[in-house]
Amino acid sequence: MDARPGTRRRWFAPELHCRVPSTLGYASLFFDPRVGKYRLYYETLLDMANDDLRVLKLLESDDLQTFTQVLAEDGSDVIVDYNGHVHGAAVLYDPRESDPARRYKRFGMYGIEDGKKGWMCPSFSPDGIHWTDRPDIVMQTPFSD
């Protein structure tokens, strides 16, 4: 038997608490003390028939059960676009960062240059919505997770 002594197994019926409109598994979830809400960044496909075209979106929640879409200034729900070339985005909030413009950090593969996929670039943000890329730190890599 594969169990530790004293372990009691209990089975529960699964309960659905919320639906996140993501079509992919790339997501970052954390509590953001600056806005007092949970933030969920996630990638989604622009076209279900084309796995190459993805964007980054953002949801917020008070209770991790009800989520509200955060809109960009243009009224869309897309936070990061890169003409649909977002892949593997990871977002975090760094409360110890001394520079408020770099409090939020994002990393992943973005864009296509000369027909090549896969340049990895860190980005920073003061609010988690408006991002500044650091092309001086870009790393070219084969397309890979």
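All values derive from a computational prediction rather than experimental measurement.
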Practice item. Answer yes or no: does atom CG of Asp94 have more than 12 heavy-atom neighbours from other residues, nucleotides or ligands under 6.0 Å? Key: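 More than 12 heavy atoms, drawn from other residues, nucleotides or ligands, come within 6.0 Å of this atom.
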Practice item. Mark yes when over 12 heavy atoms from residues, nucleotides or ligands other than Tyr38 sit less than 6.0 Å from its OH; otherwise mark no. Key: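 Counting other residues, nucleotides and ligands, OH of Tyr38 stays at 12 neighbours or fewer.
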Exercise for review: Return the minimal non-hydrogen interatomic distance between Val78 and Ala72, and the atom names on each side.
Suggested key: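 In this case the closest contact between Val78 and Ala72 is O-CB, 3.5 Å.
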Review point. What's the shortest heavy-atom distance between Val80 and Val86, and which atoms?
Key: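 Smallest heavy-atom distance, with atoms named: O-CG2, 3.8 Å.
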Exercise for review: Assess whether side chain to side chain contact (heavy atoms under 4.5 Å, CB included) is satisfied between Arg54 and Asp47, documenting all intermediate values.
Suggested key: CA-CA 8 Å; Arg54 308 166 182 204; Asp47 176 359; over 6 Å; no
Practice item. Please assess Leu92 against Tyr104 for the test side chain to side chain contact (heavy atoms under 4.5 Å, CB included), listing each intermediate value before the final yes or no. Key: CA-CA 6 Å; Leu92 63 94; Tyr104 297 83; over 6 Å; no
Review point. Do Leu56 and Tyr42 have side chains that get closer than 4.5 Å, going by heavy atoms?
Key: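 The answer is no, as the side chains (C-beta and beyond) never meet within the 4.5 Å cut-off.
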Review point. Hey, are Glu97 and Lys105 close enough for a salt bridge, meaning a charged N less than 4.0 Å from a carboxylate O?
Key: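 Salt bridge between Glu97 and Lys105, a charged N being under 4.0 Å from a carboxylate O: yes.
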Check your understanding: Quick one: do Asp63 and Lys37 make a salt bridge, cutoff under 4.0 Å?
Key ->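 Judged by the 4.0 Å cut-off on N to carboxylate O distance, Asp63 and Lys37 do not form a salt bridge.
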Point to revise | Side-chain hydrophobic cluster, 4.5 Å single linkage: members besides Trp11 | key: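 For Trp11, no cluster forms, as it stays isolated from other hydrophobic side chains.
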Practice item. Spell out, yes or no, whether Leu71 and Tyr41 are grouped together once hydrophobic residues are joined by side-chain heavy atoms under 4.5 Å, including indirect joins. Key: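 No; tracing contacts between hydrophobic side chains, which count when under 4.5 Å, never links both residues.
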Check your understanding: Is Val55 reachable from Leu53 through a run of hydrophobic residues whose side-chain heavy atoms are each under 4.5 Å from the next?
Key ->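 Linked, Leu53 and Val55 end up in one cluster.
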Donor-acceptor pair, distance only, cut-off 3.5 Å: does the side chain of [X] make one with the backbone of [Y]?
X	Y	result
Ser125	Trp131	no
Gln69	Leu58	yes
Glu60	Leu40	no

